[in-house]
Amino acid sequence: MPLFSIITIVYNGEALLPGTVESVLNQGFESYEHLIIDGASKDDTLNLIREYAQKNPRIKWISEPDKGLYDAMNKGQAMAQGTYLLFLNCGDHLHSPDTLQKLADSIEPETDVLYGETLLVDDNRTPAGTMSEWSTRKLPEQLDWKKYLGGMLVVHQSFLPRRTLVEPYVEQNLCADFDWCIRILKKSRKNTLAPIIISDYLMGGMSKQRHRQSLIDRFKVMTWHFGWLQTIWAHLVIVLRSVKHKLIRPKNKRY
């Protein structure tokens, strides 16, 4: 059984997929599988996947139509055999060739969730800073589900849960990853901070492209877990924190 299952969702990603796959293939640590879930791409993505899979037996893949991002992520999750899952979507990279080794070294006997820092990069792969530098909140040394009342704390690409704790993503909600993380953290025994940058996150994902709907969906998820009163209060705090953050860092564009 591999220690890590790395899951990559892709659709028409011929330009971005090679960088993502190479960041995994360059790892010195070899106890992993790389699952590539393609949504029946119309470009050269499928040929690229086949070429990579022929070169490395750790790469497994499917290519078929899906009902959207979270449907595809559920397919990858169902295929996974590793102890821990890592969703590294097309365009995102493992930060360095020793990332998986450092993650493995950070695991403690009761670790159910591994998490760490994320580097934001633009379309040219130019670093824009870490999420802690860009966000209104820093990466916590102690992570628990109640801290998600203030919003997403750990970027999904730097959140590695034990596979036995995961549940299917809800669909038709842009913040399904937010809900997924909270549900996992409610069951987790120990959440271990890996003191490294785990992933390079390509700015401009789906939830940022549809920002208004993302905010509505986040509110909905928070009411599921925290109730209406706490959610409303939390959003007042989030708005005030966001205004303060924009005044301090007015030149930052939205990631």
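Basis for what follows: all heavy atoms, side chains included, without hydrogens, waters or symmetry-related copies. FYI, the numbering just counts along the sequence from 1.
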same_hphob_cluster([X], [Y]) at 4.5 Å side-chain heavy-atom cutoff:
{"X": "V21", "Y": "L86", "result": "yes"}
{"X": "L114", "Y": "I197", "result": "no"}
{"X": "I36", "Y": "M73", "result": "no"}
{"X": "L160", "Y": "L153", "result": "no"}
{"X": "V113", "Y": "I198", "result": "no"}

Checking [X] side chain against [Y] main chain: does a donor-acceptor pair fall under 3.5 Å?
{"X": "D179", "Y": "V221", "answer": "no"}
{"X": "R162", "Y": "E110", "answer": "no"}
{"X": "T192", "Y": "I107", "answer": "no"}
{"X": "D177", "Y": "H156", "answer": "no"}
{"X": "Y169", "Y": "L69", "answer": "no"}
{"X": "D66", "Y": "A72", "answer": "no"}
{"X": "K60", "Y": "L35", "answer": "no"}
{"X": "N12", "Y": "K42", "answer": "yes"}
{"X": "E133", "Y": "T130", "answer": "yes"}

Quiz item: So F4 and Y84, would you call those rings parallel, tilted or perpendicular, with 30° and 60° as cut-offs?
Solution: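 Tilted: the ring planes of F4 and Y84 meet at 30° to 60°.
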Practice problem: Using the six-membered ring wherever Trp is involved, compare the ring planes of Y148 and F178 and label them parallel, tilted or perpendicular (cut-offs 30° and 60°). | Solution: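 Parallel, since the angle between the ring planes stays under 30°.
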Heavy-atom pair of closest approach, residues [X] and [Y]:
{"X": "P97", "Y": "Q27", "value": "O-OE1, 3.1 Å"}
{"X": "S132", "Y": "L139", "value": "OG-N, 3.0 Å"}
{"X": "K67", "Y": "E171", "value": "CE-OE1, 3.8 Å"}
{"X": "R58", "Y": "Y32", "value": "CD-O, 3.2 Å"}
{"X": "S158", "Y": "S199", "value": "OG-OG, 2.8 Å"}
{"X": "S31", "Y": "M1", "value": "OG-O, 4.2 Å"}

Spacing of [X] atom [atom1] and [Y] atom [atom2] [to the nearest 0.5 Å]:
{"X": "C90", "Y": "L17", "atom1": "SG", "atom2": "CG", "value": "5.0 Å"}
{"X": "L46", "Y": "R50", "atom1": "CG", "atom2": "CZ", "value": "4.0 Å"}
{"X": "K187", "Y": "R189", "atom1": "NZ", "atom2": "CZ", "value": "12.5 Å"}
{"X": "E167", "Y": "I184", "atom1": "CD", "atom2": "CD1", "value": "8.0 Å"}

Exercise. For the pair L120 and M131, evaluate side-chain contact (heavy atoms from CB on, under 4.5 Å) and give the outcome as yes or no after the intermediate values.
Key: CA-CA 7 Å; L120 304 179; M131 181 59 76; 3.7 Å; yes
Side-chain contact test, heavy atoms from C-beta onward, threshold under 4.5 Å: evaluate it for [X] versus [Y] and give yes or no.
{"X": "F29", "Y": "D105", "result": "no"}
{"X": "L103", "Y": "I196", "result": "yes"}
{"X": "P195", "Y": "S106", "result": "yes"}
{"X": "L25", "Y": "N56", "result": "yes"}
{"X": "L85", "Y": "Q77", "result": "yes"}
{"X": "D200", "Y": "R125", "result": "yes"}
{"X": "M152", "Y": "C181", "result": "yes"}
{"X": "D112", "Y": "K190", "result": "no"}

Quiz item: When W180 is tested against each of V170, L185, V166 for side chain to side chain contact (heavy atoms under 4.5 Å, CB included), which residue passes?
Solution: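 Among V170, L185, V166, the one meeting side chain to side chain contact (heavy atoms under 4.5 Å, CB included) with W180 is V166.
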Under a 3.5 Å threshold, yes or no: a donor from one side chain and an acceptor from the other, between [X] and [Y]?
{"X": "T20", "Y": "S23", "value": "no"}
{"X": "N47", "Y": "D44", "value": "yes"}
{"X": "S96", "Y": "D98", "value": "yes"}

Practice problem: Under the side-chain contact (heavy atoms from CB on, under 4.5 Å) rule, what do V10 and L16 come out as? Steps first, then yes or no, please. | Solution: CA-CA 9 Å; V10 58; L16 295 176; over 6 Å; no
Practice problem: For atom NZ of K186, decide whether the heavy atoms of other residues, nucleotides or ligands shown that lie under 6.0 angstrom number more than 12. | Solution: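 Yes.
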Self-check item: Neighbour count above 12 (heavy atom, 6.0 Å) for E64 CD
Solution: yes
Quiz item: Given the rule in the side-chain contact (heavy atoms from CB on, under 4.5 Å) test, do D92 and T8 qualify, once you have shown the distances and angles that lead to the verdict?
Solution: CA-CA 9 Å; D92 302 323; T8 296; over 6 Å; no
Quiz item: Using the benzene-type ring in the case of Trp, are the ring centres of W134 and Y201 under 6.0 Å apart?
Solution: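 No, ring centres 6.0 Å or more apart.
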Quiz item: T45 and Y11: side-chain contact (heavy atoms from CB on, under 4.5 Å), yes or no, with the steps?
Solution: CA-CA 8 Å; T45 295; Y11 179 71; over 6 Å; no
